[in-house]
Amino acid sequence: MYRYVAVSDTNNVLSYIFSNTRYKFIRGASALLDYLNLHVTRKIAARFHGTVLSLGGGEARVLFRTKQEAEAYEYELRKAYLEHTDEVTLSIAVVERREGEFIAAWLERAEAMLRVKEKEKDKKVMPLLPLFPLVERCEGCAKRPAEKHYDMPDGKKIMLCLSCYKKAYRVDKIIENLKKYSKGEMARIHEETGLMDIHRKLIEQKGKEGSTWVRKIADIFGSDERTSRYIGFVYADGKKLGALFRQTILDNLQGQDDDEFVKRYKTYSETVHDCIVQSAAIAQQTFSDYMVDYAMVGGDDFVAIMPGEIALAYTNTFIQTFERLTGNAFFGSPHQRGVMMGAGVVIAHIGYPLYRMFQMSYDLMYRAKQKYANKSAIDFMILTDSTVQGVETIKYYENTSIRTGVPLENRYVRMNGYMVDREHNESIDKLLTVISKLKAAKFPRSKIEVLYEILREDNDYQMRFEWLKWRARMSADIKKIFDEWHGMFKETPFPFVYNGAIYSPLLDLFDLYDIVQMVGMNHDEGTKN
């Protein structure tokens with residue numbers, strides 16, 4: 001019988017991933033964390049006779065029969081993370097099982113103890129020693145002492161700290177393995193999982209041209225002249241995953257023997273990861289004319305980077321595919337909704353800091369989850385300047401009266417989240433379809449600019465009057481496009497009502513109008529696969 005469980009989570013991950021602004025090093029950091037979480041952790045657990053329940057997203061749950069084995073595993077795992085990263089630490093809780101305690105209740109108790117430990121000393125970031133003037137700084141992060149030479153792809157030799165060097169070396173190793181795998185020189189990729197799983201699947205589906213590991217952000221655009229030079233940063237995360245887990249695993253296995261529980265638990269966690277990988281590969285194939293790259297894949301977390309013009313359509317396809325695959329995996333029917341997701345999408349100029357895009361996409365994802373309780377949802381933001389303001393500040397300022405600066409009452413000039421539902425008017429599908437129709441009708445962009453003032457008019461009657469004047473100048477074809485979207489557009493630019501508040505999608509449409517170049521491209525096909 002299992003007597004001890006070790007649950008762990010990684011700390012100071014964001015500062016580690018984004019300590020170097022070059023994309024190659026960011027990817028190398030993500031890949032190293034995957035390698036440690038999904039390969040090294042499993043290897044160390046096996047050495048001490050542990051049974052791995054789940055791995056992913058930096059978290060791990062491993063069962064042991066003796067205290068000595070659990071403690072040895074903890075020591076070796078902490079050491080491995082520091083040896084490979086020089087920075088990342090772990091929070092680990094080793095919890096003994098109570099007499100007669102069901103395994104499900106035991107795991108819940110262990111998870112709670114881990115959260116307590118994360119608030120204590122383990123969560124602190126390792127301090128860096130001050131660098132004196134005579135110490136050469138790393139040319140990557142500029143925070144640590146330079147120790148090793150590294151040859152960049154352009155032939156330039158730079159001096160890096162051990163942490164940045166290991167990130168760069170990991171990317172070089174992955175590229176080498178991908179080339180060997182695509183040429184059939186490797187039967188399987190043994191040690192690279194997580195990010196590598198998507199590339200491996202794309203190679204299997206399309207052959208040697210199926211995947212490209214991006215070294216720098218500019219590689220995503222290549223020489224394609226169609227691109228708007230906007231980058232799309234996507235953060236997606238599972239929604240109500242715990243409730244589904246309880247429904248499909250915990251509630252059905254209360255009182256079951258340990259072996260059956262472990263079997264079902266492992267199958268569940270592996271299935272979620274497999275569905276993430278398959279969804280990413282299917283979405284990439286749908287938008288095969290564009291480069292899509294991945295920054296994080298773990299558990300039900302997913303981060304991808306791509307040209308801005310396809311970011312929303314790609315995310316929509318990815319989530320719909322994930323729902324279908326998990327519905328089939330957990331309920332035996334692709335028509336039964338599986339795991340829902342929330343996603344945040346930030347679209348900004350290519351030079352915008354990735355660290356800020358990561359933070360903002362996470363905030364948008366959280367807001368989208370909060371708005372729609374029983375639907376997958378996407379919220380997005382388009383940045384046309386170098387603002388450093390957060391999501392809340394930007395949205396608050398936009399949602400004020402132009403004349404008085406006072407917040408608009410129960411009226412929102414942004415949708416603050418769209419459903420992932422092809423049949424619903426509040427969906428990303430519908431928004432993208434309307435943009436395509438307006439482009440086909442050659443709707444003049446200049447006609448939308450005045451909407452910024454109309455939507456932020458604080459007097460409701462004046463707002464409606466200005467809207468009707470605006471409509472009167474539109475052709476019958478343009479009116480028809482809006483009216484088919486929602487009948488209330490005949491009266492107001494705020495047609496959508498949710499929880500007592502009214503919402504307008506028109507500023508979202510306006511912002512996307514120039515960026516989204518080919519909205520309908522293979523989009524419908526991708527969501528039907």
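Here the structure is a predicted model, which means the values were calculated and not measured.
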- Lys/Arg N to Asp/Glu carboxylate O, Asp172 vs Lys24, below 4.0 Å: yes
- Item | OH/Tyr366: more than 12 non-hydrogen atoms of other groups inside 6.0 Å | no
- Item | More than 12 heavy atoms of other groups within 6.0 Å of Tyr362 OH | no
- Message: Could you check whether Lys369 pairs with Asp237 (Lys NZ or Arg NE/NH1/NH2 to Asp/Glu carboxylate O, under 4.0 Å)?
- Response: yes
- Item | Sub-4.5 Å side-chain heavy-atom contact between Val346 and Phe358 | no
- Message: Can you tell whether the side chains of Arg200 and Glu204 come within less than 4.0 Å, N to carboxylate O?
- Response: yes
- Task: Only pairs at least two apart or in different chains count here, so list each side-chain hydrogen bond (donor to acceptor under 3.5 Å, both in side chains) that has a residue in residues 476-499.
- Result: Arg471-Asp483
- Message: Between Arg356 and Gln359, is there a side-chain donor-acceptor contact under 3.5 Å, judged purely by atom types and distance?
- Response: yes
- Item | Summary of salt bridge (charged side-chain N to carboxylate O under 4.0 Å, His left out) pairs that have at least one residue in residues 493-510, sequence neighbours excluded | Arg414-Asp508
- Glu398 with Lys395: basic N within carboxylate O range, under 4.0 Å: no
- Side chains of Met341 and Glu323 in contact at under 4.5 Å (non-hydrogen atoms): no
Mind listing the side-chain donor-acceptor pairs of residues 448-455 below 3.5 Å, one per line with the distance, residues two or more places apart or on another chain?
| residue | atom | partner | partner atom | Å |
| --- | --- | --- | --- | --- |
| Glu449 | OE2 | Arg445 | NH1 | 3.2 |
| Tyr452 | OH | Asp511 | OD1 | 2.7 |

